[in-house]
J.: 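Below is one structure. I have some questions about it.
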Amino acid sequence: MKSLVTENHQVFVSKGPKKCHIITFGCQMNEYDSKTMAQLLMDDYQQTPFLEEADLILINTCSIREKAEHKLYSLLGRLKRLKKRNPTLKIGVCGCVAQQLGERLFERMAHVDLVIGPQGLYRLPILLKALEEGEKHITDTTLRDDFDIPFIDAPLPRVGDVRAYLTIMQGCNNFCTYCIVPYVRGREVSRPSEHIMKEIEGLIEQGVKDITLLGQNVNSYGRGLNENIDFTGLLKKIEKAFGKDIRLRFTTSHPKDLSDELIDCFKELQSLCEHLHLPVQSGSNSVLKRMNRHYTIEAYLEKLEKLRSLCPEITITTDLIVGFPGESRDDFQKTMELLKKVRYDQAFAFKYSERPGTPAVNFGQKVPEEEKSKRLNELLELQNQIGLEQYKKLEGKVVEVLVEGVKGDQLVGRTRGNHIVNIEGESELVGRIMNVYIEKACHHSLNGKVMH
Ligand code: SAH
Ligand code: SF4
Ligand code: F3S
């Protein structure tokens, strides 16, 4: 019997004779990379939702926390049996864990054929050919400082999407002391604006109406390019060419680099949606210092104040880490106070996870696992309450919703402020912007009805 892998796999449309199954863990950037892989393989492979009938299984991995890495091992354990039954099956591990482990992955998992880091994925067709010609255990995990992101001139491998991600830069130069990203994604590299504009044009032609620009630190966009452009310049260029056709978003902006000019864009640019994800990580200045974040809570709050005075309805979300080495009860209380002060619409909170090769591994005063869990629960309890109160502010209001898809017998859409809205209606409305009356707020979503 065929079994579907329902979690984390994406179905792409393509026409090749062989069958491929792509599984994606991790952030939006990995989702974007999986789409690129599907585009690169389009002529040779069609995508299958069934693991059993795949000739090629590609796993795009994330290494941000230990848990993410474990997901890969348990999946590879399951795939061992599949490979025994079908020895011609090829298994490729891509992305951030691939970069982190390189050849060492073969020692633990000999049934893996291919290990490719985030910069190597563009060579996927060549590497697969080498495998077919009999080469074994191929690795491509070189991280080059002079790497350029190639332009993939191929149609979107998934039709009917209303929303799309678009990577504008890769890598990170910030070296926050807890974070593995700079080691697995390499140095920052921006894509020429011409490539980005061309890609947006293609997305719009295929019906996309909501685009999120991606980068680990979008504020550094433009550095090292042969053109005179920075991130706000890029936003303005996109607005000028496509402002009436799309909703525009971006992630992630580092608080230290959030400029007045970028804050102004939320007021000036019609296409830019009223949502900012601004990861704060901790409410304590001494923790922030040891995290190498280069801002104080006072400076962070000042920027938010400016933003809210220009754009009062803006949705603010954040990321938080609890139990960073040396985080005292008092430091943690400061994070709780910050939540009360800022009143985030949503916060993604994580227990600190030690990552190999990062400076924080050598920091003293580790917080015990049990204490981390306790702090995380306390924090989530408070944030759930604040988040719901924030969402409740929209009850009784009429908001602009872009209908993105169908879920069960309902439609699912999104406000400009990034709230998910469930509405009654027919599937013909997918892709349309509707005025919706919000009847009820729930945790992380809203229920509403279309105004006629
Ligand atoms: N570039 C983005 C974040 C990318 S990683 C930024 O600078 O904000 C997404 C989130 O994962 C981070 O914001 C952080 O909250 C969390 N994270 C990163 N490393 C972590 C670690 N070692 N343990 C726990 N959470 C971590
Ligand atoms: Fe990691 Fe910091 Fe870079 Fe974000 S800015 S990816 S948290 S090192
Ligand atoms: Fe994970 Fe790599 Fe993204 S570590 S969060 S997939 S950049």
Side-chain angles (χ1 to χ4, degrees), residues 8 22-34 36-37 57-80 90-124 127 131 136-147 149 167 169-189 214-217 252 279 281 291-292 319 321 324-325 350-363 366:
N8 302 104
I22 302 179
I23 300 164
T24 312
F25 298 119
C27 63
Q28 297 109 320
M29 215 166 265
N30 262 14
E31 280 186 43
Y32 180 84
D33 286 350
S34 290
T36 303
M37 295 200 285
I57 297 173
L58 293 173
I59 312 163
N60 206 357
T61 59
C62 173
S63 131
I64 199 81
R65 286 168 287 276
E66 206 179 349
K67 238 191 195 157
E69 206 182 319
H70 284 160
K71 278 191 194 163
L72 170 68
Y73 299 133
S74 72
L75 176 65
L76 284 177
R78 285 199 284 144
L79 294 184
K80 206 170 188 169
K90 299 280 180 274
I91 299 176
V93 175
C94 321
C96 298
V97 180
Q99 187 64 46
Q100 181 196 335
L101 297 179
E103 282 178 355
R104 277 179 292 156
L105 196 62
F106 298 128
E107 289 165 20
R108 251 177 104 165
M109 302 281 171
H111 58 298
V112 170
D113 300 282
L114 197 57
V115 175
I116 324 174
Q119 289 186 3
L121 72 92
Y122 302 92
R123 293 186 63 232
L124 194 55
L127 301 175
L131 269 187
K136 296 223 158 25
H137 283 178
I138 298 178
T139 325
D140 186 340
T141 51
T142 30
L143 273 187
R144 290 174 23 216
D145 281 349
D146 61 346
F147 171 73
I149 304 173
T167 293
M169 58 181 302
Q170 268 210 28
C172 185
N173 295 355
N174 279 325
F175 292 94
C176 302
T177 50
Y178 50 82
C179 184
I180 200 164
V181 170
Y183 308 93
V184 289
R185 285 268 173 183
R187 295 295 66 73
E188 281 171 359
V189 48
L214 302 178
Q216 292 299 350
N217 182 22
T252 305
Q281 313 299 358
M291 286 178 162
N292 196 30
D319 290 343
I321 295 176
F324 185 72
F350 313 99
K351 285 191 272 182
Y352 167 69
S353 165
E354 196 165 275
R355 305 314 291 133
T358 59
V361 169
N362 302 317
F363 289 5
K366 300 273 184 314

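Side chains included, hydrogens not; waters and symmetry mates left out as well; all remaining heavy atoms used. Quick caveat, the model's predicted, so the values are computed rather than measured.
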J.: Short question: side chain of His137, backbone of Val112 - any donor-acceptor pair under 3.5 Å?
T.: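 Side chain of His137 to backbone of Val112, a donor-acceptor pair under 3.5 Å: yes, one is there.
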J.: A side-chain contact here means heavy atoms from C-beta on lying under 4.5 Å apart; do Gln100 and Tyr183 qualify?
T.: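 In short, these two side chains do not touch, never coming nearer than 4.5 Å.
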J.: Starting at CG of Asp33, measure out to CG of Leu58 and round the result to the nearest 0.5 Å.
T.: 12.0 Å
J.: Hey, could you give me the CD1/CD1 distance between Ile57 and Ile22, rounded to the nearest 0.5 Å?
T.: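 The distance works out to 11.5 Å.
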J.: Which residues pass the side chain to side chain contact (heavy atoms under 4.5 Å, CB included) test with Arg123, sequence neighbours left out?
T.: Ile126, Leu127, Asp140
J.: Would Val93 and Thr61 satisfy side chain to side chain contact (heavy atoms under 4.5 Å, CB included), going step by step from the backbone distance to the final call?
T.: CA-CA 7 Å; Val93 175; Thr61 59; 3.8 Å; yes
J.: Could you tell me which non-hydrogen atom of Cys172 sits nearest to which non-hydrogen atom of Arg187, and how far apart they are?
T.: O-NH2, 3.1 Å
J.: Once salt bridge (charged side-chain N to carboxylate O under 4.0 Å, His left out) is applied, what residue pairs with a partner in residues 94-113 remain, sequence neighbours excluded?
T.: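 For residues 94-113, and leaving out neighbouring residues, the salt bridge (charged side-chain N to carboxylate O under 4.0 Å, His left out) pairs sorted by first residue read Lys83-Asp113.
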J.: Just how far is it from atom OG of Ser63 to atom CZ of Arg185, taken to the nearest 0.5 Å?
T.: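 It comes to 10.0 Å.
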J.: Quick one: pull up CG in Leu214 and CD in Glu31 and give me the separation to the nearest 0.5 Å.
T.: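 Rounded to the nearest 0.5 Å, the CG-CD separation comes to 9.0 Å.
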J.: Do Ser34 and Asn60 have side chains that get closer than 4.5 Å, going by heavy atoms?
T.: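 Yes, side chains in contact.
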J.: What I'd like to find out is whether the side chain of Gln281 reaches to under 4.5 Å of the side chain of Phe324, using heavy atoms alone.
T.: no
J.: Apply the side chain to side chain contact (heavy atoms under 4.5 Å, CB included) test between Val181 and each candidate in Thr358, Asn174, Asn217, Ile64; give the one that qualifies.
T.: Ile64
J.: Does any part of the side chain of Gln119, heavy atoms only, come nearer than 4.5 Å to the side chain of Thr142, both counted from C-beta?
T.: no
J.: Between Met291 and Ile321, does the side chain to side chain contact (heavy atoms under 4.5 Å, CB included) criterion hold? Intermediate values first, please.
T.: CA-CA 10 Å; Met291 286 178 162; Ile321 295 176; 4.0 Å; yes
J.: At their closest point, which heavy atom of Ala360 faces which heavy atom of Pro325, and how far apart are they?
T.: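 Scanning both residues completely, I find the closest heavy atoms to be O-CG, 4.1 Å.
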J.: Quick check for you: to the nearest 0.5 Å, what is the distance between Ile138 atom CD1 and Lys90 atom NZ?
T.: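 Here the rounded value is 9.5 Å.
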J.: Do the side-chain N and O atoms of Tyr73 and Glu69 include a donor-acceptor pair separated by under 3.5 angstrom?
T.: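 A pair is found: one side chain offers a donor N or O, the other an acceptor, under 3.5 Å apart.
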J.: If every non-hydrogen atom of Glu188 is compared with every non-hydrogen atom of Gly171, which pair is closest and at what distance?
T.: CG-O, 3.8 Å
J.: Does the side chain of Pro279 reach to within under 4.5 Å of the side chain of Thr252, using non-hydrogen atoms?
T.: yes
J.: Within the structure provided, determine whether Thr139 and Phe106 are in side-chain contact (heavy-atom separation under 4.5 Å).
T.: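 A side-chain contact exists here, since the closest heavy-atom pair is under 4.5 Å.
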J.: Can you find a pair of side-chain heavy atoms, one from Glu66 and one from Arg355, that are under 4.5 Å apart?
T.: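 In short, these two side chains touch, coming nearer than 4.5 Å.
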J.: Any chance you could measure Leu72, atom CG, to Cys96, atom SG, to the nearest 0.5 Å?
T.: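 Result: 12.0 Å between the selected atoms.
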J.: Is any side-chain heavy atom of Phe147 closer than 4.5 Å to a side-chain heavy atom of Tyr122?
T.: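 Phe147 vs Tyr122: side chains touch.
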J.: Gly215 and Met29: which non-hydrogen atoms are nearest, and at how many Å?
T.: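 Minimum heavy-atom separation between Gly215 and Met29: CA-CE, 3.4 Å.
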J.: For residues Ala68 and Cys62, report the shortest heavy-atom separation together with the two atoms involved.
T.: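 Nearest heavy atoms, Ala68 then Cys62: CB-O, 3.3 Å.
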J.: I'd like to know if the side chain of Thr141 and the backbone of Gly102 have a donor-acceptor N/O pair within less than 3.5 Å.
T.: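 It does not hold such a pair.
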J.: Run the side chain to side chain contact (heavy atoms under 4.5 Å, CB included) test on Thr36 and Thr167 for me, step by step, so that the C-alpha distance in whole Å, both residues' side-chain angles and the decisive distance to 0.1 Å come before the verdict.
T.: CA-CA 11 Å; Thr36 303; Thr167 293; over 6 Å; no
